[in-house]
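Working notes, structure below.
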There are 2 protein chains.
Amino acid sequence: MSDDRWVPPTVLLAVDLVILTMRESRLQVLLVQRGVEPYRGDLALPGGFLNHVEEDLPAAAHRELAEEAGLSADQLHLEQLGVYGTPGRDPRGRVVSVAYLAIAPRLPEPTAGTDASDACWTSTDRALSAEARLAFDHRRIVADGVERARAKLEYSALATAFCGPTFTISELQDVYEAVWGVSLDPRNFYRKVQSVDGFIVPAGTTRRTDTGRPARLFRPGPREALHPPMTRPTGPADKETAKA
Amino acid sequence: MSDDRWVPPTVLLAVDLVILTMRESRLQVLLVQRGVEPYRGDLALPGGFLNHVEEDLPAAAHRELAEEAGLSADQLHLEQLGVYGTPGRDPRGRVVSVAYLAIAPRLPEPTAGTDASDACWTSTDRALSAEARLAFDHRRIVADGVERARAKLEYSALATAFCGPTFTISELQDVYEAVWGVSLDPRNFYRKVQSVDGFIVPAGTTRRTDTGRPARLFRPGPREALHPPMTRPTGPADKETAKA
DNA sequence: TCAATAGTGTCTTTTAGACAGTATTGA
DNA sequence: TCAATACTGTCTAAAAGACACTATTGA
């Protein structure tokens, strides 16, 4: 049991990012096409190995966020998602990857002119479908990230991270509908988000759209945990069926 | 930016366990006294380095569970808690630790006769208090584990993992009260857990106690997610104040 | 004017919370 | 019998869900 010569094994440490945003009223994830082996040509999450042995994990996540997506740390939610380290998941050796979940507000353009201009936004439905070819175990990581986002919309103010500095209530509702894949009653939604104290606070101004009455603008409130939580509709009433 | 000689750095990978159980109507965590440097003599979570470079992470967690606590995989909840890899957290080098959260039913005795007989159950209140000396960043890991358990009692059937194969409703209530640190109305609790379909199912038998009417026994039901969730009382009504 | 979106009010159903009261055991 | 715990019923307040209605814009 005890071998004096035994030394603990070392592993390669990588950081992978599930970057979610709202585009075209859909939940989308940033994927890059791999230019090198293994899985050359397949889609993968942005990420990479630690730069040096003393690099901090959140620092590495922010670095990849900047390098591969051109996103800065300001106004962006970042949290650890989990560790993926099954032996054999990477043919190059024992690679253990720390996955981070990032939520970004809608961005000007699909990250043109960045280091990784081969990055593209893909709807999570498509990324998780059978047709998409994802490298490594990245399909599972995306699925876990989406599931985390779904769950956190219920009991936290995470939804505001998908919006800009100010947003309308129907924008916020679009986030809930897209992430949950359901259709919500605008009137009850309006009442609900306003009644949860500290979730959103009025910004005082309004925003016009092409048509209809201008909507009041709101800012994220100080409240992080939602009590009582937003209730996710149960049963088979998903958005597609409901709108059909 | 691109140095042809650059190779990704390697790190040491460890697994640490937050093993929670109910003892004396309190939430307790298993801690071991370190026999070697660093932090020799301080309390620490059970855990250690990977045995070999191809060892799977859940396998390593189960191995430590058996070695350091004498617990087998049967009838024990195990989930990944997170990664703790701040540079400098371990003076021996860059050590990245994957923390697992284990929930065990009340056990016969405080793990006597095992490999690590210096293991002892400590109430989480005590482990998290200022007086306890915990090695590395294990105080934070314990805090995160307790917080995870608290949150999951709300929207999952995790509480049954603290109980044996069969249990009474008041046993289940004790779990909620100890983990949340609140006092709950037994009659409303009784109605509530029975109304959530598939949470617990009657086992058909009863169990006598020293005094009082025998209680019906229940088994964990098939439902993992609780809809609607158990509601954690808000405000300053904690168990200590309530019982004083 | 109409079409479209924003926002309010009101009713019904469900659920949480408080708590009186009955049931079944051991001493 | 009494003390102690298990369990049931009932009332009230709060919240969810359905949906009619008013408000404010551009065309």
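In the text below, chain A, chain B and the rest are named by the order of the sequence lines, each starting its count at 1.
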Sugar-phosphate only, base, or nothing, as touched by B/S170 at under 4.0 Å among non-hydrogen atoms: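 Contact class for B/S170: sugar-phosphate only.
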
Residues touching DNA chain C, which here means a heavy atom under 4.0 Å, drawn from residues 203-221 of chain B: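 B/D210, B/G212, B/R213, B/P214 - these, ordered by number, are the residues of the stretch whose heavy atoms sit under 4.0 Å from the strand.
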
Indicate yes or no: at least one non-hydrogen side-chain atom of [X] is less than 4.5 angstrom from one of [Y].
X      : Y      : answer
B/P233 : B/W180 : yes
B/F189 : B/M230 : yes
B/L134 : B/D42  : no
A/R150 : A/R232 : yes
A/L45  : A/F136 : no
B/T166 : B/F218 : no
A/F199 : A/L172 : yes

Interatomic distance where OH belongs to A/Y190 and P belongs to C/dT5 [whole Å]: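 Taking atom P of C/dT5 as the reference, OH of A/Y190 is at 16 Å.
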
Centroid separation B/Y155 to A/Y155 less than 6.0 Å: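 Close enough - the centres of the two rings lie under 6.0 Å apart.
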
B/S/- contact track for nucleotides 12-19 of chain C, protein heavy atom under 4.0 Å: ----SBBB

Boundaries of the chain A footprint along DNA chain D (any atom under 4.0 Å from a heavy atom):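 So the contact region on DNA chain D extends D/dA16 to D/dG26.
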
A/T160 side chain to A/A157 backbone, donor-acceptor under 3.5 Å: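 Yes; at least one donor-acceptor contact below 3.5 Å.
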
Point-to-point distance, once rounded to the nearest 0.5 Å, from NE2 of A/H138 to CG of A/L17: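 Those atoms lie 10.0 Å apart.
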
